[in-house]
Chemist: 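Here you go, one structure.
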There are 2 protein chains.
Amino acid sequence: MSLEYAILVSLQERAGSGYELARRFDKSIGFFWGASHQQIYRSLKRMVELGWVTGDAVAQEKRPDKKVYRVSEAGAAELARWLAEPADPPTVRNELSVKIRGASYGEVAQVLAEVGRHRRLHAERLAIYRAIEQRDFPDPTRLSGQSLHQFLVLRGGIRTEQSMVDWCDEVIGALEDDSSA
Amino acid sequence: MSLEYAILVSLQERAGSGYELARRFDKSIGFFWGASHQQIYRSLKRMVELGWVTGDAVAQEKRPDKKVYRVSEAGAAELARWLAEPADPPTVRNELSVKIRGASYGEVAQVLAEVGRHRRLHAERLAIYRAIEQRDFPDPTRLSGQSLHQFLVLRGGIRTEQSMVDWCDEVIGALEDDSSA
DNA sequence: CTACTCATGTAATCCGTTACATGATTGT
DNA sequence: ACAATCATGTAACGGATTACATGAGTAG
């Protein structure tokens, strides 16, 4: 049910169409809440039924019409209510850890290669986050309100990716030592 | 589909009943792959149909009978095949981040309290991991094979929880400063 | 002419969560 | 007496993923 609330937050920041929301979930919001366009269209439909958002058709030149969604008063109230609710900590489900734990039942070298691949993926993502940090928040001490909140979420992403890179390095080092011994 | 493979790994380490597996998914394996007893029973049923495991009824004194599951040759082969496959990096879905990003559309103080609660939860989990580390792996330099793999997964948990605690502290500090300003 | 972006959806399937259900034994 | 632990499941629902589907405009 949280996708609806992620959409409410995004639409409060700026009204937009389903397509535009899908783009935002490919970056920005999507860095901490992933969602496909199919999910987004379905959720928007439900949210219109619930009266949380309104969708106005907007004609465009040389482009298909789009429906621009806006948060209603009821939607804003619902978002405020949800923000005050406790969130359950996410269930941990780390496939790579399952593979490492089970490595001795297959080819350790292949699991090791996979850890290397994940290291690269996390390092890439970390580089993206660091670039955003430098571009959008050059002086973090002066931040307040919404931009501070955005910055703090980005900081979470940076910490998570950095810790993944460090862990992959530890795993790679230990497995290499072990296989050469 | 990964639950089946997590079960295969756990059953390779030690054969056991559905109930025993459910206990293991409350700790140990469960620290990086959560699963309820309902899911486990359903998966075991499917895995018997696929021929990946065999279930033998074992009579017990003063306790209900149980079915002890063991990985078959076909199951072992399937596990080895899966271990060589690439794993897609987990989809990020962090509800707390959504709340922080949206904090200004509700009561910031309540979101702040929730971050504090999460900080405590992560600190508790970190303490559990550190205790396991000290108890089971007092001399990590000597580890090899399966016990090394277990240790490395535990290290991932420690790094993840530590980074969450640090992030919560950063968020709490920044939000407190911002509200007092 | 090919591929990509803009724009919106439906349908099938799979996976996870919640609730319901039973029944014996052990400890307080 | 009551709660907890051992032991095993079914059923309903909801959310996510994957595949399918359409159609116009724009850049190479």
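Values below: all heavy atoms of this structure, side chains included; hydrogens, waters and symmetry mates excluded. We name chains A, B, ... by the order of the sequence lines, and we start the count at 1 in each one. It should be emphasised that the depicted structure is a prediction, and the values quoted were computed from it without experimental measurement.
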Chemist: Mind calculating the distance between CD1 (B/I7) and P (C/dC15) to the nearest angstrom?
Modeler: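 Atom CD1 in B/I7 sits about 12 Å away from atom P in C/dC15.
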Chemist: Are any of A/Y19's side-chain N or O atoms less than 4.0 Å away from OP1 or OP2 of C/dC6?
Modeler: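 Indeed, a polar side-chain atom of A/Y19 lies that close.
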Chemist: Check for me whether B/R135 meets the cation-pi criterion with B/F137, that is, NZ or CZ under 6.0 Å from the six-membered ring centre and within 45 degrees of the ring axis.
Modeler: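 No, B/R135 and B/F137 do not form such a contact.
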Chemist: Atom CG of B/D26 and atom P of D/dT5: how far apart are they, to the nearest Å?
Modeler: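 After rounding, the reported distance stands at 11 Å.
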Chemist: Any side-chain N or O of B/Q39 less than 4.0 Å from the OP1 or OP2 oxygen of C/dT17?
Modeler: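 Yes.
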Chemist: With distance as the sole criterion, is a donor-acceptor pair present between the side chains of A/S28 and B/R101 under 3.5 Å?
Modeler: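 There is such a pair between these side chains.
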Chemist: Can you measure B/E20 atom CD to D/dC6 atom P for me and round it to whole angstrom units?
Modeler: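 So the CD-P distance, B/E20 to D/dC6, works out to 10 Å.
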Chemist: Just how far, in rounded Å, is P of C/dT17 from CG of A/D88?
Modeler: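 Value for this atom pair: 10 Å.
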Chemist: Given C/dT10, is OP1 or OP2 found less than 4.0 Å from the side-chain N or O atoms of A/K45?
Modeler: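 Yes, A/K45 has a side-chain N/O under 4.0 Å of OP1/OP2 on C/dT10.
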Chemist: Would you call the rings of B/Y41 and B/H37 parallel, tilted or perpendicular, taking 30° and 60° as the class edges?
Modeler: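 Geometry flag for B/H37 against B/Y41: perpendicular rings.
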Chemist: Whole angstroms only, please: what is the CG-P distance between A/L44 and D/dG15?
Modeler: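 Rounding to the nearest Å, CG of A/L44 and P of D/dG15 are 15 Å apart.
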Chemist: Considering the options A/V98, A/N94, A/I100, A/L96, which one meets the side-chain contact (heavy atoms from CB on, under 4.5 Å) requirement together with B/V153?
Modeler: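 The passing option is A/I100.
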Chemist: Take the protein atom CH2 of A/W33 and the nucleotide atom P of D/dA16, then report the distance between them rounded to whole Å.
Modeler: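 Atom CH2 in A/W33 sits about 7 Å away from atom P in D/dA16.
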Chemist: Just to confirm, is there a sub-4.0 Å distance from OP1 or OP2 of C/dT8 to any side-chain nitrogen or oxygen of A/Y41?
Modeler: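 The answer is yes; a side-chain N or O of A/Y41 sits under 4.0 Å from OP1 or OP2.
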Chemist: Kindly say if B/S17 contacts the phosphate of D/dT8, meaning a side-chain N or O under 4.0 Å from OP1 or OP2.
Modeler: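 For D/dT8, OP1/OP2 do have a side-chain N/O of B/S17 under 4.0 Å.
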Chemist: What is the distance, to the nearest angstrom, from the CZ atom on A/R23 to the P atom on C/dC4?
Modeler: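 My rounded result for the distance is 14 Å.
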Chemist: Just how far, in rounded Å, is C1' of D/dT8 from CZ of B/R42?
Modeler: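 The answer, rounded to whole Å, is 15 Å.
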Chemist: Heavy-atom nearest nucleotide on DNA chain D for B/R93 versus B/K67: which residue maps closer to 5'?
Modeler: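 Comparing both residues, the 5'-ward one is B/K67.
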Chemist: Considering only side-chain heavy atoms of A/L3, which listed nucleotide, C/dT17, D/dA7, D/dA16, is closest?
Modeler: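 Taking heavy atoms from C-beta onward, the closest nucleotide is D/dA16.
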Chemist: In terms of relative ring orientation, are A/Y5 and A/W82 parallel, tilted or perpendicular, with 30° and 60° separating the classes?
Modeler: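 Parallel, since the angle between the ring planes stays under 30°.
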